[in-house]
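Sequence lines set the chain letters: A, B, ... in the order given, protein chains first and strands last, and positions in each chain run from 1. Computed from a predicted model, the values in this text were never measured in an experiment.
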2 protein chains.
Amino acid sequence: MERTLTAKGTATRERIVAGAAARIREHGVAATTLDDIRERTATSKSQLFHYFPGGREELLLAVARFEADRVLADQQPQLGALTSWEAWEGWREKVLARYRAQGRACPLGGLLTQVGRATPGAQAVVAELMARWEAELAAGVVAMQRGGFVDTGLDAAREAAALLAGLQGGVLMLITTGRLTYLQAALDVGLERLRRAGGERPVP
Amino acid sequence: MERTLTAKGTATRERIVAGAAARIREHGVAATTLDDIRERTATSKSQLFHYFPGGREELLLAVARFEADRVLADQQPQLGALTSWEAWEGWREKVLARYRAQGRACPLGGLLTQVGRATPGAQAVVAELMARWEAELAAGVVAMQRGGFVDTGLDAAREAAALLAGLQGGVLMLITTGRLTYLQAALDVGLERLRRAGGERPVP
DNA sequence: CGGGGAATGGACCTGTGGGTCCAGTCCGTG
DNA sequence: CACGGACTGGACCCACAGGTCCATTCCCCG
């Protein structure tokens, strides 16, 4: 990307990304212009294009990556070690807390529709996020199966996919309706399902 | 809204909405200007503002309503009478078929983020859609409980919420990853759960 | 300490696209 | 049939936001 970046340059670049992310979280992507970002981050137009030669699109993509990292980071350390029911419960709490706090805003969603889901860059960011997320969940299910807490007859990959879908949908419903009940119902039903499959044979 | 609309006027208005919807489905909201719509629907600028005095925003909102109606219509007649496992299976098929065909595009989603989720109009459209959707699902669960096919110990509202969340998330994952597996997993796991609760007492 | 590339400031350009306006045509109705 | 309001055509306006450019300053490195 950038040929050379001094320590000062790196700091400025990070300041821009963080400032842009904050601004977008507050006002949405569509209502955020380069001038808004410039003002908020105390930079000039030329700096924006110096660090993001691709202009607005490249900057938004960087913000998207920034936000994507936060999503997973906010679920740690539980998400990385779903090896007990306590960990799963803790993870559930973290997810609920995060989205309860976030409310109806959707940093990533708006960002990516703005950049255009078609562009390979946007694809990559979200695809990687979801892949990592799903992998962590699947690993958690497998771990629980190994520990004898979840029936080994269940397809871990399928369970993780369904759980992630429920979670995503719950967040989406929170955004559209403002109510947390969907996310709660999806998570609880999902966990209930895993728990229930702990001691009995799966239905054929 | 409009004071008087002759038959001709109504037809023109509908032509505009349908044309705009088609255009947006193909190219996305952001990449659709009033001039594009004007050209596609063989109308003039003044007509657009004649039928939608609120300008672009009002037009997009009308398109959103149009698309929202299609969403539910495409799931009929099954969604309206989820009174047997056959109906549920048929519904599942319709949903999968619809979104398989739709692919990664998301007519409503993009539309509403463009209008701005904050605006009361956008809120209303999506809230009504989701409410109707959820109500139909909940009614289906209750009907199955009445028929003795599903355990009456389940909270129908909660089951409907979880199912809808899974469905929405499945669609979202389809959009972001291009794979249908999530939607499939979410629907199947959800139905499996209802079926499994058919003959046994629920776990406390 | 001086040369050069990175970093910064800010004026300026420009295409785009939503929105306005008025003149002209159609058509139902008394 | 004429009158008024609905309907249509298209030229025009203009604010805005993304992007360009160049002059200037800073700071690392030899």
Side-chain angles (χ1 to χ4, degrees), chain A residues 1-20 23-24 26-64 110-111 113-116 119 121-122, chain B residues 1-20 23-24 26-64 110-111 113-116 119 121-122:
Chain A
M1 293 266 192
E2 281 69 45
R3 291 245 52 76
T4 54
L5 267 192
T6 67
K8 192 181 178 188
T10 309
T12 301
R13 196 193 133 100
E14 280 169 4
R15 195 177 77 236
I16 293 174
V17 171
R23 163 76 211 208
I24 287 170
E26 290 170 23
H27 299 84
V29 207
T32 298
T33 70
L34 292 186
D35 269 331
D36 294 328
I37 296 172
R38 190 190 54 66
E39 187 179 0
R40 174 157 198 148
T41 59
T43 51
S44 67
K45 215 63 171 297
S46 67
Q47 290 181 71
L48 258 42
F49 283 85
H50 179 69
Y51 294 107
F52 304 94
R56 179 184 166 89
E57 183 170 328
E58 189 179 339
L59 173 52
L60 289 186
L61 215 53
V63 174
L111 220 39
T113 60
Q114 194 77 21
V115 173
T119 57
Chain B
M1 297 267 192
E2 280 70 43
R3 288 235 69 68
T4 55
L5 267 192
T6 67
K8 193 181 176 187
T10 310
T12 301
R13 197 193 133 100
E14 282 170 1
R15 194 177 79 238
I16 292 173
V17 171
R23 165 76 211 206
I24 287 170
E26 291 170 22
H27 299 83
V29 207
T32 298
T33 71
L34 292 187
D35 267 333
D36 294 329
I37 296 172
R38 189 191 54 65
E39 188 179 0
R40 173 156 197 149
T41 59
T43 51
S44 67
K45 216 61 171 298
S46 69
Q47 290 180 70
L48 258 42
F49 283 85
H50 178 68
Y51 293 106
F52 305 94
R56 178 185 166 87
E57 182 169 329
E58 188 179 340
L59 173 53
L60 289 185
L61 214 54
V63 173
L111 221 39
T113 59
Q114 194 77 23
V115 172
T119 57

pair [X]-[Y]: side-chain heavy atoms closer than 4.5 Å:
{"X": "A:His27", "Y": "A:Asp36", "value": "no"}
{"X": "A:Val29", "Y": "A:Arg56", "value": "yes"}
{"X": "A:Leu34", "Y": "A:Leu59", "value": "yes"}

Measure from [atom1] on [X] to [atom2] on [N] and round the result to the nearest Å.
{"X": "B:Asp35", "N": "C:dT16", "atom1": "CG", "atom2": "P", "answer": "11 Å"}
{"X": "B:Leu48", "N": "C:dC21", "atom1": "CG", "atom2": "P", "answer": "17 Å"}
{"X": "A:Leu34", "N": "C:dG10", "atom1": "CG", "atom2": "P", "answer": "17 Å"}
{"X": "A:Arg38", "N": "D:dA17", "atom1": "CZ", "atom2": "P", "answer": "12 Å"}
{"X": "A:Ile16", "N": "C:dT8", "atom1": "CD1", "atom2": "P", "answer": "8 Å"}
{"X": "A:Leu59", "N": "D:dG19", "atom1": "CG", "atom2": "P", "answer": "10 Å"}
{"X": "B:Arg13", "N": "D:dT8", "atom1": "CZ", "atom2": "P", "answer": "13 Å"}
{"X": "B:His50", "N": "C:dG18", "atom1": "NE2", "atom2": "C1'", "answer": "19 Å"}

Assess whether one donor atom and one acceptor atom, taken from the side chain of B:Thr33 and the base of C:dG17, lie less than 3.5 Å apart. no
Within the structure shown, what part of the strands sits under 4.0 Å from A:Ser46 by heavy-atom distance: base, sugar-phosphate, or nothing?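 If one applies the 4.0 Å heavy-atom cut-off, A:Ser46 turns out to touch a base.
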Considering every strand and a 4.0 Å limit on heavy-atom distances, what is the contact class for B:Thr6: base, sugar-phosphate, or nothing?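 B:Thr6: backbone/sugar contact only, no base atoms under 4.0 Å.
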For B:Gln47 and A:Phe49, take the nucleotide of DNA chain D holding the closest heavy atom to each; which residue's nucleotide lies nearer the 5' end?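 Nearer the 5' end of the strand: B:Gln47.
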If you assign A:Lys45 and B:Arg56 each to the DNA chain C nucleotide with the nearest heavy atom, which residue ends up on the more 5' nucleotide?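 Result of the comparison: A:Lys45.
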Phosphate OP1/OP2 of C:dT8: any A:Thr12 side-chain N/O under 4.0 Å: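 For C:dT8, OP1 or OP2 has a side-chain N or O of A:Thr12 closer than 4.0 Å.
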Any A:Tyr51 side-chain N or O less than 4.0 Å from OP1/OP2 of C:dA6: no
Full working for side-chain contact (heavy atoms from CB on, under 4.5 Å) between B:Ile16 and B:His50: CA-CA 11 Å; B:Ile16 292 173; B:His50 178 68; over 6 Å; no
Does atom CD of B:Glu26 have more than 12 heavy-atom neighbours, drawn from other residues, nucleotides or ligands, at distances under 6.0 Å? yes
